[in-house]
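A short write-up of the structure that comes next.
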Protein chains: 2
Amino acid sequence: MTKKPIEAANPSAVRAHAATRASADGEEAPTSNRATRAAERRAAIVEAAMEEFIARGFAATRLDDIARRAGVAKGTIYLHFKDKESMFEELVRIVIVPVVARLTALPPPTGSVRDLIEAFAGNFLREVIGTRRGDLVRLIVAEGPRFPSVADFYYREVVSRGIAAMRALIEVGIARGEIREKDLARYPQILVAPAMIAVIWQSLFARHSPLDAQDMLRVHLDLIFGERRTT
Amino acid sequence: MTKKPIEAANPSAVRAHAATRASADGEEAPTSNRATRAAERRAAIVEAAMEEFIARGFAATRLDDIARRAGVAKGTIYLHFKDKESMFEELVRIVIVPVVARLTALPPPTGSVRDLIEAFAGNFLREVIGTRRGDLVRLIVAEGPRFPSVADFYYREVVSRGIAAMRALIEVGIARGEIREKDLARYPQILVAPAMIAVIWQSLFARHSPLDAQDMLRVHLDLIFGERRTT
DNA sequence: TGACTATGACTGACCAGTCAGTCATAAGTA
DNA sequence: TACTTATGACTGACTGGTCAGTCATAGTCA
């Protein structure tokens with residue numbers, strides 16, 4: 001059943017193997033510690049899986065491709081993840097959580113609400129819009145209906161928190177007289193909408209007509225807070 | 001190769017056949033005209049395909065399922081469409097075109113810019129948000145990167161036209177003094193963003209927390225045009 | 001050496017696309 | 001009109017290829 005003779009007669013298999021290891025990434029030092037190695041491989045798999053899922057979507061992604069890209073055999077994937085589905089679900093968690101953590105680590109509440117929101121938007125711009133992470137958001141929108149657990153997770157960890165945080169900020173803004181439109185507190189989605197549109201625009205239409213997300217967000221904040229004094 | 005004897009001995013084949021025809025849809029009158037029949041079937045296939053593609057995405061949709069849902073044999077699909085991919089592409093065209101046609105058939109330009117935009121938003125709300133068509137938009141966002149032709153079509157027929165139309169309206173609004181924020185004309189996306197968010201929200205998060213899209217759009221227009229006199 | 005980790009050939013399920021055959025209807029004929 | 005022949009729309013069993021997941025074997029570390 002196995003092809004031992006052929007393999008024995010074909011040392012290139014070993015060479016190819018070693019080559020894969022070495023060439024997968026230029027940096028990979030042969031870390032001795034076992035746990036470290038495992039963690040590195042897991043990270044490589046996650047990275048590769050994200051690339052593939054973003055590029056092809058869940059159903060069309062082949063585990064063979066993920067394995068090849070990660071410089072790992074297919075079986076290895078199954079040492080880290082139960083199956084394709086749970087790999088996708090874990091992947092989303094693994095990638096989203098640190099982003100949320102970084103974004104919610106807001107600077108101390110100094111200055112105006114507008115400054116606060118501007119700082120937040122700046123982070124979002126840097127961390128999400130036009131990055132691999134932005135593509136992940138699009139992927140969640142795409143696969144959400146087929147992965148209720150992913151949609152639930154995303155709603156719970158990102159959307160509901162984000163909405164709540166924005167609502168709190170808006171309420172402060174209204175109390176301080178920075179924001180006129182009182183009903184805005186009922187729809188924090190309006191505050192966030194252009195940022196989401198920017199994310200989607202960058203992955204779908206950037207090559208038709210590029211979008212200056214930063215400038216657009218500025219205009220949007222002008223709309224909400226009134227024109228800014230030209231600082 | 002053929003199973004003539006078996007079929008001859010098995011009249012159920014004929015019965016099954018007739019049954020399929022009759023039971024496919026309760027309404028199907030035995031239209032006599034051949035061309036009419038063909039058109040009906042094509043429509044049934046398109047309808048079924050849309051349901052399946054929306055529910056499962058392109059890659060995970062089985063043509064067998066589309067055929068069953070349309071009450072048609074798989075082979076029949078290939079009489080109408082070249083293959084799965086071009087079926088998907090044509091499908092998007094077939095469904096999008098009439099919607100655009102209806103939405104761009106604007107009422108005569110009476111009244112304020114705000115009234116115009118409100119009428120448009122009302123149509124959009126009725127025609128797209130929370131409907132099967134809205135799900136199709138989500139599907140385009142999802143599959144766009146893998147179907148450049150679909151993304152291109154959508155950009156050309158829907159996005160660029162929509163943006164241009166909105167920009168024109170905004171410019172009139174600015175000229176007439178209805179809209180303060182002059183820079184808005186540079187980013188008509190901001191005007192449209194909450195509507196898009198509503199579409200996506202309804203397909204992903206409606207069950208977590210329903211969204212009153214109509215009210216939200218009203219608030220957003222208040223933001224742009226200023227509070228409305230309580231008519 | 002013994003336990004743990006990694007490999008990749010293999011299996012079986014699944015599915016897009018095909019095509020030989022059927023049959024309702026249209027066209028032709030008397 | 002009534003009867004025969006031609007057409008092509010429609011069917012669904014079948015094929016070839018693909019791919020998730022398995023597992024016997026090989027390699028590695030402590």
Side-chain angles (χ1 to χ4, degrees), chain A residues 1-8 10-14 16-18 20-21 24 30-42 44-45 49 52-53 56 58-68 70-88, chain B residues 1-8 10-22 24 28 30-42 44-45 49 52-53 56 58-68 70-88:
Chain A
M1 198 168 270
T2 46
K3 301 187 184 174
K4 216 181 293 173
I6 292 173
E7 276 182 21
N10 178 14
S12 75
V14 178
H17 183 198
T20 302
R21 281 281 179 73
T31 343
S32 51
N33 185 315
R34 234 137 109 150
T36 311
R37 276 295 287 262
E40 280 174 3
R41 299 196 144 216
R42 195 185 155 90
I45 292 170
E52 292 291 330
F53 281 134
R56 319 181 115 76
F58 176 81
T61 291
R62 281 162 300 216
L63 288 197
D64 288 289
D65 289 347
I66 294 176
R68 194 175 325 124
V72 144
K74 183 152 60 140
T76 306
I77 292 174
Y78 287 87
L79 299 175
H80 293 273
F81 301 95
K82 186 172 141 286
D83 57 16
K84 195 183 176 189
E85 280 202 19
S86 55
M87 176 163 74
F88 180 69
Chain B
M1 198 169 268
T2 47
K3 302 187 185 176
K4 216 181 290 172
I6 293 174
E7 276 182 21
N10 177 14
S12 75
V14 178
R15 251 189 289 115
H17 183 199
T20 302
R21 283 282 179 72
E28 196 178 342
T31 343
S32 50
N33 188 317
R34 234 135 111 149
T36 311
R37 277 296 287 261
E40 279 174 2
R41 303 201 138 208
R42 195 187 155 91
I45 292 169
E52 293 290 330
F53 281 134
R56 318 181 116 78
F58 176 80
T61 290
R62 281 163 301 217
L63 289 198
D64 288 287
D65 289 347
I66 294 176
R68 195 174 325 123
V72 144
K74 184 150 58 139
T76 306
I77 292 174
Y78 287 89
L79 300 175
H80 293 274
F81 300 96
K82 185 172 143 284
D83 57 16
K84 197 183 174 189
E85 281 202 19
S86 54
M87 177 163 72
F88 181 69

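Excluded from the calculations below are hydrogen atoms, water molecules and symmetry mates; all remaining heavy atoms, backbone and side chain alike, are included. A, B, ... follow the sequence lines: proteins, then strands. Residue 1 opens every chain.
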Applying salt bridge (charged side-chain N to carboxylate O under 4.0 Å, His left out) to Asp83(A) and not counting sequence neighbours gives none
> Under 4.5 Å between any side-chain heavy atoms of Asp65(A) and Arg68(A), yes or no?
Replying inline: yes
In whole angstroms, the gap separating P of dA16(C) from CZ of Phe53(B) amounts to 9 Å
Worksheet item: According to the interplanar angle, ranging from 0 to 90°, do the rings of Phe53(A) and Phe88(A) count as parallel (below 30°), tilted (30 to 60°) or perpendicular (above 60°)?
Response: perpendicular
Heavy atoms under 4.0 Å, any strand shown: does Leu63(B) hit a base, just sugar-phosphate, or nothing?
-> sugar-phosphate
Here the pair of heavy atoms bringing Ala59(A) nearest to Ala59(B) is CB-CB, 3.7 Å
Scanning both residues in full, the closest heavy-atom pair of Thr61(A) with Ile66(A) reads CG2-CD1, 3.7 Å
Separation of dA6(C) atom C1' from Arg42(A) atom CZ, nearest Å, is 16 Å
Whole-Å distance, Lys74(B) NZ to dA13(D) P, equals 11 Å
Per nearest nucleotide of DNA chain D, the residue lying toward the 5' end, Asp64(A) or Gly75(A), is Asp64(A)
From CG of Leu79(B) across to P of dC19(C) the rounded distance in Å is 13 Å
Closest non-hydrogen atoms of Lys82(A) and Ser86(A), given as atom of the first, atom of the second and distance, are CB-OG, 3.4 Å
Arg56(A) atom CZ is separated from dT18(D) atom C1', nearest whole Å, by 14 Å
Separation of dG12(D) atom C1' from Tyr78(B) atom OH, nearest Å, is 13 Å
Here the distance between atom P of dC10(D) and atom CD1 of Ile45(B), to the nearest Å, is 8 Å
Picking from dT7(C), dG21(D), dC10(D), the nucleotide nearest the side-chain atoms of Thr76(B) would be dC10(D)
Taken to the nearest whole Å, CD1/Ile77(A) to P/dA6(C) is 12 Å
Here the gap from Met87(B) atom CE to Leu63(B) atom CG, rounded to the nearest 0.5 Å, amounts to 5.0 Å
So, with a heavy-atom separation below 4.0 Å from DNA chain D, the residues of residues 81-88 of chain A are Asp83(A), Lys84(A)
Phosphate-side-chain proximity, Arg41(B) and dC10(D), N/O vs OP1/OP2 below 4.0 Å: yes
